[in-house]
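Computation of the quantities below employed the complete heavy-atom set of this structure, encompassing side-chain atoms and omitting hydrogens, waters and symmetry-equivalent molecules. In this text, all values refer to a predicted model and were calculated from it rather than measured experimentally.
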Amino acid sequence: MSTMNIIQVTSEDQLGVEAADFFANFIRNFDGKPNVILPTGFTPLPFYKEIVKRYQNGETYLGNFRYLALDEYLDIPNGDHRSFAAWLGREILDPLNISVDERIVFNSACTNTDAECKRIAQAVKEAGGIDLAIVGIGGNGHIGFNEPGSSFDLEAQRIDLTKETRIANAEYWGCLDKVPRQAITLGIGTLKHANQTLMLATGARKAAALSKTLHGEVCVDVPSTYLQQQGNVTIIADHDALSVKA
Ligand code: PGA
């Protein structure tokens, strides 16, 4: 039985407000500058909109964190506008004036992916680990780009994206053929040491995976089930995402 704290919302706007309240409380109560993972995807957009609005209305403490990248496509130039680093920059990091020095990001053009995995895992450790990991969930239960079958012990990994994930990202790239086939991600071996985790999920496409996250057997076939073994997990989800019961 899971002990995750679930906040059910009725709209995307409400998800944005609840997630922003959670984030604001976390930043306000943190002693120092926390290391925070932020997700890409469509789900967190209302959250980013709400945070940027509050920041622009004077809540500048919301920009007091160091950003740790969760995942990134491979084989694209650094700074490519479709990279996750650029995407997060546009949606939240630039509006909050998070300086480039305060962003620990992947090298999307790296040629030695093993070395890049080691470098990023080390960089996260040297920064002091993850204080808050905010993540989404894939329809197949992936967290970051830890696709089904990913070991729970890997600190970071290069991954071949599943067709399901590439289809889910095709809109962002224009068409399926353009979606990169490989990516790099912090592994569950790193994510499971986060002091706190906040997961955001909306829509019926996430319902089966979310149900397994909460009630299923902990197994690598559903990567998100690692959360059952962690304390301090909050899930903000809408009715559709929570529509499959145990
Ligand atoms: P989405 O992506 O928010 O676009 O659904 C989430 C994910 O795949 O992790």
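Smallest separation of non-hydrogen atoms from V179 and A170: CG2-CA, 3.7 Å. Here the closest non-hydrogen pair linking I184 and C117 is CD1-SG, 3.9 Å. Minimum heavy-atom separation, A209 to G141: CB-N, 3.7 Å. Smallest separation of non-hydrogen atoms from P46 and L15: CG-CD2, 4.5 Å. When every heavy atom of A86 is checked against every heavy atom of G79, the shortest pair comes out as CB-O, 4.4 Å. In terms of heavy-atom proximity, M199 sits nearest to L210 at SD-CD1, 4.0 Å.
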### Audit row: N195, N232, side-chain hydrogen bond (donor to acceptor under 3.5 Å, both in side chains) steps and yes/no
CA-CA 7 Å; N195 281 331; N232 273 336; over 6 Å; no
#### Entry: Criterion side-chain contact (heavy atoms from CB on, under 4.5 Å) on T190 and I120, from CA distance to verdict
CA-CA 10 Å; T190 295; I120 200 94; over 6 Å; no
### Task
Before giving the answer on side-chain contact (heavy atoms from CB on, under 4.5 Å), spell out for T43 and K206 the whole-Å C-alpha distance, their side-chain angles and the decisive distance to 0.1 Å.
CA-CA 11 Å; T43 313; K206 308 297 173 68; 3.7 Å; yes
### Task
Decide yes or no on side-chain contact (heavy atoms from CB on, under 4.5 Å) for L214 and I6, but give the supporting numbers first.
CA-CA 10 Å; L214 293 168; I6 299 173; 3.7 Å; yes
### Task
Apply the test side-chain contact (heavy atoms from CB on, under 4.5 Å) to residues H81 and I76: give CA-CA distance (whole Å), side-chain angles for both, the deciding distance (0.1 Å), then the verdict.
CA-CA 10 Å; H81 70 282; I76 56 171; over 6 Å; no
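When the ring-ring contact (aromatic ring centres under 6.0 Å, His included) test is applied to F65, the partners found at least two apart in sequence or on another chain are F23.
In this model, a donor atom of one side chain and an acceptor atom of the other lie less than 3.5 Å apart for N25 and R28.
Contact annotation: the side chain of L161 approaches that of E147 to within less than 4.5 Å [non-hydrogen atoms, C-beta and beyond].
Counting only residues at least two apart or on different chains, the side chain to side chain donor-acceptor pair (under 3.5 Å) pairs with a member in residues 82-91 are D80-R82.
Y48 and V105 fall within a single hydrophobic cluster, where Ile, Leu, Val, Met, Phe, Trp and Tyr are joined by side-chain heavy atoms under 4.5 Å apart, directly or via other members. Linking Ile, Leu, Val, Met, Phe, Trp and Tyr whenever their side-chain heavy atoms come within less than 4.5 Å puts L93 and Y172 in one cluster. Cluster annotation: V36 is not connected to I104 through the hydrophobic network of ILVMFWY side chains, with a link wherever side-chain heavy atoms come within less than 4.5 Å. Residues L88 and L68 fall into different hydrophobic clusters, defined by Ile, Leu, Val, Met, Phe, Trp and Tyr side chains chained together at heavy-atom separations under 4.5 Å. Residues M4 and I7 fall into different hydrophobic clusters, defined by Ile, Leu, Val, Met, Phe, Trp and Tyr side chains chained together at heavy-atom separations under 4.5 Å.
Taking the centre of each ring, Y73 and F145 come in below the 6.0 Å mark. Between F30 and F26, the gap from one ring centroid to the other is short of 6.0 Å.
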Taking only distance into account, with no hydrogens and no angle test, what donor-acceptor pairs under 3.5 Å do side-chain atoms of residues 129-137 form with protein atoms, sequence neighbours excluded?
from: D131; atom 1: OD2; to: N35; atom 2: N; distance (Å): 2.7

